[in-house]
Amino acid sequence: MAETVHSPIVTYASMLSLLAFCPPFVMLLWYTMVHQDGSVIQTSGFLWQNGFQGLINIWPRPTAIAWKIIFCYGAFEATLQLLLPGKRVEGPISPTGNRPVYKANGLASYFVTLATYLGLWWFGIFNPAIVYDHLGEIFSALIFGSLVFCVLLYVKGHVAPSSSDSGSCGNLIIDFYWGMELYPRIGKNFDIKVFTNCRFGMMAWAVLSVTYCIKQYEINGRVSDSMLVNTILTLVYVTKFFWWEAGYWNTMDIAHDRAGFYICWGCLVWVPSIYTSPGMYLVNHPVELGTQLAIYILVAGVLCIYINYDCDRQRQEFRRTNGKCSVWGKAPSKIVATYTTTAGETKTSLLLTSGWWGLARHFHYVPEILSAFFWTVPALFNNFLPYFYVIFLTILLFDRAKRDDDRCRSKYGKYWKLYCEKVRYRIIPGIY
């Protein structure tokens with residue numbers, strides 16, 4: 001039986017909202033950034049005058065070159081995922097008692113991807129500015145192609161599930177939206193969620209950040225310090241992600257959220273378009289921060305990314321050593337919690353209540369949100385739109401924290417209540 005994360009009414013509203021508003025929003029954001037000087041007011045005025053026909057007119061049709069770029073990129077990343085060597089890593093035990101096995105070659109794939117992309121540009125084989133010039137068509141193709149992909153995932157979950165961590169709740173909409181399978185694979189070794197979330201979505205974030213940098217250089221003959229700060233912080237963050245990728249496989253996205261429209265469409269479309277939007281804006285709006293301000297923003301951003309990494313590292317080390325490690329120079333404080341799997345087996349988990357994890361149950365979201373602010377703030381405040389990602393991320397992470405708390409309360413019962421008494425705040429120490 002598939003687990004519904006929210007009530008059916010909330011699921012229906014969320015599903016219909018995503019289907020109805022997210023695809024046009026992606027195109028409107030691109031159009032506003034690239035063709036309306038980043039001004040929401042100008043785009044709103046255009047739509048007010050032209051109505052729905054105006055949206056149709058500005059929505060680019062997928063072209064052959066857009067499909068070629070997507071196919072070559074996707075095939076390249078899939079090949080790296082399959083063929084590059086990597087350490088064997090086991091994921092967490094699933095609700096039905098399965099333990100997925102991964103090949104941790106994300107960092108190698110990341111460096112090969114960036115080296116290849118920059119090499120193609122350096123030697124004049126492919127100009128990344130072409131990607132920017134066809135960005136609207138690429139986003140349009142991703143919107144429709146990813147919808148078809150999600151339909152295929154739904155069908156696969158019914159006819160050929162990869163493991164016992166799958167099933168239907170009996171409602172087509174909820175099954176399609178939240179997903180049928182927890183760990184869908186093609187064959188034995190190609191993990192679909194690792195591909196969509198990590199190798200397509202997160203990798204595209206880095207590739208597009210470099211693309212925007214190169215496009216600004218092509219336009220102006222130089223790269224502004226604001227674009228450099230944005231690109232450096234983004235690449236540091238994505239590098240951190242792939243360095244820690246095996247840890248990501250223990251998170252809610254992989255270990256609890258099934259492969260449906262919510263996760264997969266988001267990673268295939270929303271990440272490449274919305275997450276990269278501050279850099280997209282800066283292409284045509286170079287800001288000169290000055291050396292001192294640029295360094296201040298860069299240092300603050302790197303510090304936040306490091307704290308976010310150290311939070312995850314601290315918990316991962318705690319789990320790896322079964323609590324036999326040092327946290328901030330002392331033995332960790334913990335709660336030993338037992339729970340029962342759907343198969344009826346009794347398992348034990350350790351809940352860390354000291355270090356970063358003693359400040360708040362999801363404190364690691366604070367430096368993550370601040371990191372996003374620091375790679376956006378080089379755009380300064382002439383327009384609101386570059387800050388949409390920071391606002392969206394804040395809403396996403398606060399919702400994720402609540403969903404994770406609800407799931408853990410259901411899983412651990414009295415132990416979770418005890419944990420919340422020891423770690424009182426959900427995200428922001430002393431406030432929330």
* Test: K411 cationic atom under 6.0 Å from Y339 six-membered ring centre, within 45° of axis -> yes
* Asked: Relative to W328, does K330 satisfy both conditions: NZ or CZ under 6.0 angstrom from the six-membered ring centre, and within 45 degrees of the ring's axis?
  -> no
* Backbone of D257 reached by a side-chain donor or acceptor of K193 within 3.5 Å ->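 At least one qualifying donor-acceptor pair exists.
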* Asked: Checking S140 side chain against P60 main chain: does a donor-acceptor pair fall under 3.5 Å?
  ->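 Yes, because the side chain of S140 sits within donor-acceptor range (under 3.5 Å) of the backbone of P60.
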From [X] [atom1] over to [Y] [atom2], what is the distance, rounded to the nearest 0.5 angstrom?
X: C264; Y: R258; atom1: SG; atom2: CZ; answer: 13.0 Å
X: I58; Y: M27; atom1: CD1; atom2: CE; answer: 8.0 Å
X: L352; Y: K422; atom1: CG; atom2: NZ; answer: 10.0 Å
X: N322; Y: L350; atom1: CG; atom2: CG; answer: 5.0 Å

* **Chi angles and distances behind the side chain to side chain donor-acceptor pair (under 3.5 Å) call for N105, R199** => CA-CA 10 Å; N105 59 6; R199 308 309 168 78; 3.0 Å; yes
* Between F261 and W265, is the ring centre distance below 6.0 Å? ->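 Yes.
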* Asked: Any chance the rings of F363 and Y425 have centres within less than 6.0 Å?
  -> no
* **R315/E317 ion pair, N-O < 4.0 Å** =>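 Salt bridge between R315 and E317, a charged N being under 4.0 Å from a carboxylate O: no.
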Which word best sums up how the rings of [X] and [Y] line up, parallel for under 30°, tilted for 30 to 60°, or perpendicular for over 60°?
X: W30; Y: H35; value: perpendicular
X: H285; Y: Y281; value: parallel
X: W416; Y: Y412; value: parallel
X: W357; Y: H364; value: tilted

* Asked: Quick one: do the Y212 and Q216 side chains pair a donor with an acceptor below 3.5 Å?
  -> no
* Asked: Is there side-chain contact between Y183 and S162, with heavy atoms separated by less than 4.5 Å?
  -> no
* Looking at V302 and L233, what are the two nearest heavy atoms and their distance? -> N-CD2, 3.5 Å
